[in-house]
**Student:** 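Let me give you the structure first, and then I'll get to my questions.
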Amino acid sequence: MAMKSKHQRLVLAVIAIIAVIGAGLLAASALKDEAAYFYAPNDVKVKGVEPGKAIRLGGMVVGGSIKKQADGVTIAFDVTDGKATVPARFTGIAPDLFKENSGVVAEGSFDDKGVFIANNLLAKHDERYMPRELEGLEYNATTHQMSSERQMKAEQQQ
Amino acid sequence: MHAYANPARFLGLARPITPWLFWGGLLLLITGALCGLFLSPADYLQGESVRILYVHVPSAWLGMGGWVGISIAALMQMVWRHPLAGVAGRAIAVPGALFTALCLVTGSIWGRPTWGTWWEWDGRMTSMLVLLFLYFGYIALARASAADGRGIGDNGGISRVTAIFALVGAVNLPIINRSVVWWNSLHQGPSITVRGSSIDGSILWPLGLTLLGFSLWFGAIVLMRMRAILAENKIEARLARMARDGE
């Protein structure tokens, strides 16, 4: 009899745990967009964000897009997520890690012309960790392999 | 498992293992930390601040691993009524909370130079802070129920409500793990996945040492705390008996 009640408790506990975790995960997945820390440029394009609404915009800084304005303290740059690109402007001191082809999260709002006016910039780090000697190597997100551009070109030609 | 339900048998096993875990873990984590400080290279983007990884990652691992341990103990208490389960849960809670706090603090120190902010309410950081609060809740419940004897047995067990709280709190663990995948977050995505590691080998290997070192050390602390709780209960039981006999 002792064995039976023990089994009963095990089954009950397992059902309860599955139910609670299921409920938690459902709630978390329902939060999906609400809990997002930032909008990607494509989210802005698809959903539309009204001008003046305070949001965070996150993505990669497009290579060659950072341009210093005439006043010397304002920078203009483009943010992309690979699907859409949004022009942005920031006045102030950018963090050291704010670079082209690197992640950024900008806090601010869109103006009437669709330019994102940032009042704060955060640099976003990606999941790569590597020594300086490997900088410039191309990272393949699907294979997790590093290879130089030369290697990649050689592979393409083959 | 019930072979170790007898505290005397458990103590007979825990006593000789503890020093091995303690000194072995300490040796590994100091070696790993020194290698991480002096032998591994700086990161191409973060520079020297990457080295906080060697404390931050083991802390996150043990903060979450601690709650896994508490949940397993809670399950063993609920289903098998294992007399040491409550003691194990109480013993894990404090170092688990400590490592969770250490994870948040080291992350914050790393975030300032890397992201440009001490704290942001993104999914990963918020869910990790929730884990710390869960630990505080568990510690308070366990202390209260162990003190007024509502726990099972006379081994310093905890109440059933505390165990249920531990199991429900486990919901937060997959949320912490997936937070950087489900939601756009400031925290970077997972570096080490089943497909491999995007951390270069020269930066990765000291992390293995500190991870193993901190884990062994955590085990030693848990065993020491379990022994302390059992000893404390023995003293209390003896004092109660003496008071009764003296009357």
Side-chain angles (χ1 to χ4, degrees), chain A residues 6-14 16-17 20-25 27-29 31-40 43 56 58-59 81 93-99 102-103 105 120-137 139 141-146, chain B residues 40-47 50 53 71 74-75 78-81 110-117 120-127 163-164 167-175 178-180 182-193 195-204 207:
Chain A
K6 203 185 281 176
H7 273 147
Q8 228 167 20
R9 287 201 300 269
L10 179 62
V11 170
L12 274 176
V14 167
I17 292 168
V20 167
I21 288 185
L25 295 189
S29 74
L31 268 175
K32 214 148 199 157
D33 293 339
E34 300 303 319
Y37 180 71
F38 58 77
Y39 285 84
D43 299 334
R56 296 193 193 90
D81 59 356
I93 299 163
D96 292 347
L97 264 62
F98 175 75
K99 287 176 182 170
S102 173
V105 175
N120 191 24
L121 285 188
L122 298 173
K124 183 167 157 35
H125 189 259
D126 62 17
E127 68 276 15
R128 276 177 297 167
Y129 292 77
M130 58 186 180
R132 287 208 174 84
E133 300 86 75
L134 293 183
E135 197 186 346
L137 295 195
Y139 169 69
T142 43
T143 61
H144 278 307
Q145 294 298 315
M146 301 282 200
Chain B
S40 81
D43 182 71
Y44 77 108
L45 198 60
Q46 304 161 49
V50 68
L53 175 90
S71 308
L75 191 68
M78 299 287 290
V79 176
W80 293 281
R81 305 265 154 87
W110 179 83
R112 185 65 191 86
T114 311
W115 295 330
T117 179
E120 286 295 322
W121 293 102
D122 96 326
R124 175 57 66 81
M125 284 162 248
T126 309
S127 56
I164 293 172
L167 289 175
V168 173
V171 174
N172 194 30
L173 294 175
I175 295 177
R178 296 282 91 191
S179 57
V180 292
W182 287 343
W183 306 310
N184 294 332
S185 63
L186 185 59
H187 193 287
Q188 60 270 23
S191 292
I192 301 170
T193 60
R195 279 185 281 122
S197 161
S198 58
I199 304 179
D200 188 70
S202 59
I203 294 178
L204 189 63
L207 181 61

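Just so we're on the same page: letters track the sequence lines, and every chain starts at 1.
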**Student:** Got a sec, which residues hit ring pair (Phe, Tyr, Trp, His ring centres under 6.0 Å) with Phe38(A), two or more places apart in sequence or on another chain?
**Tutor:** none
**Student:** How many angstroms lie between OG1 in Thr117(B) and CG in Leu121(A), if you round to the nearest 0.5 Å?
**Tutor:** 12.5 Å
**Student:** Does the side chain of Leu25(A) come within less than 4.5 Å of Trp182(B)'s, by heavy atoms?
**Tutor:** yes
**Student:** Which bit of Val168(B) is near chain A, if near means a heavy-atom gap under 4.5 Å: side chain, backbone, both or neither?
**Tutor:** both
**Student:** Taking all atoms of both residues into account, what is the closest heavy-atom pair of Ala13(A) and Val79(B), and its distance?
**Tutor:** CB-CG2, 3.7 Å
**Student:** Can you see which heavy atom on His187(B) is nearest to which on Lys124(A), and at what distance?
**Tutor:** O-NZ, 3.6 Å
**Student:** Below 4.5 Å, heavy-atom pairs only: which of Ser40(B), Gly123(B), Gly201(B), Ala42(B) has the largest tally toward chain A?
**Tutor:** Ala42(B)
**Student:** Are side-chain heavy atoms of Gln188(B) and Tyr129(A) found at a separation under 4.5 Å?
**Tutor:** yes
**Student:** Mind listing the closest non-hydrogen atom pair of Trp121(B) and Tyr37(A) along with its distance?
**Tutor:** O-CD1, 3.8 Å
**Student:** Measure Ile203(B) against the heavy atoms of chain A and call it side chain, backbone, both or neither at under 4.5 Å.
**Tutor:** side chain
**Student:** Taking the side chain as every heavy atom from C-beta outward, state whether Leu75(B) and Ile17(A) have any atom pair closer than 4.5 Å.
**Tutor:** yes
**Student:** Against chain A, label Leu173(B) side chain, backbone, both or neither, depending on which of its atoms sit under 4.5 Å from a heavy atom there.
**Tutor:** neither
**Student:** Measuring heavy-atom distances to chain B, does Val105(A) have an atom under 4.5 Å in its side chain, in its backbone, in both, or in neither?
**Tutor:** side chain
**Student:** For His125(A) and Trp115(B), which heavy atoms make the closest approach, and how far apart are they?
**Tutor:** N-NE1, 3.9 Å
**Student:** With a 4.5 Å heavy-atom cut-off, do Asp43(A) and Asn184(B) have their side chains touching?
**Tutor:** yes
**Student:** Taking salt bridge (charged side-chain N to carboxylate O under 4.0 Å, His left out) as the definition, give me every residue that meets it alongside Arg178(B), ordered by chain and number, with sequence neighbours left out.
**Tutor:** none
**Student:** Got a second to check how far Ile21(A)'s CD1 is from Leu167(B)'s CG, nearest 0.5 Å?
**Tutor:** 8.5 Å
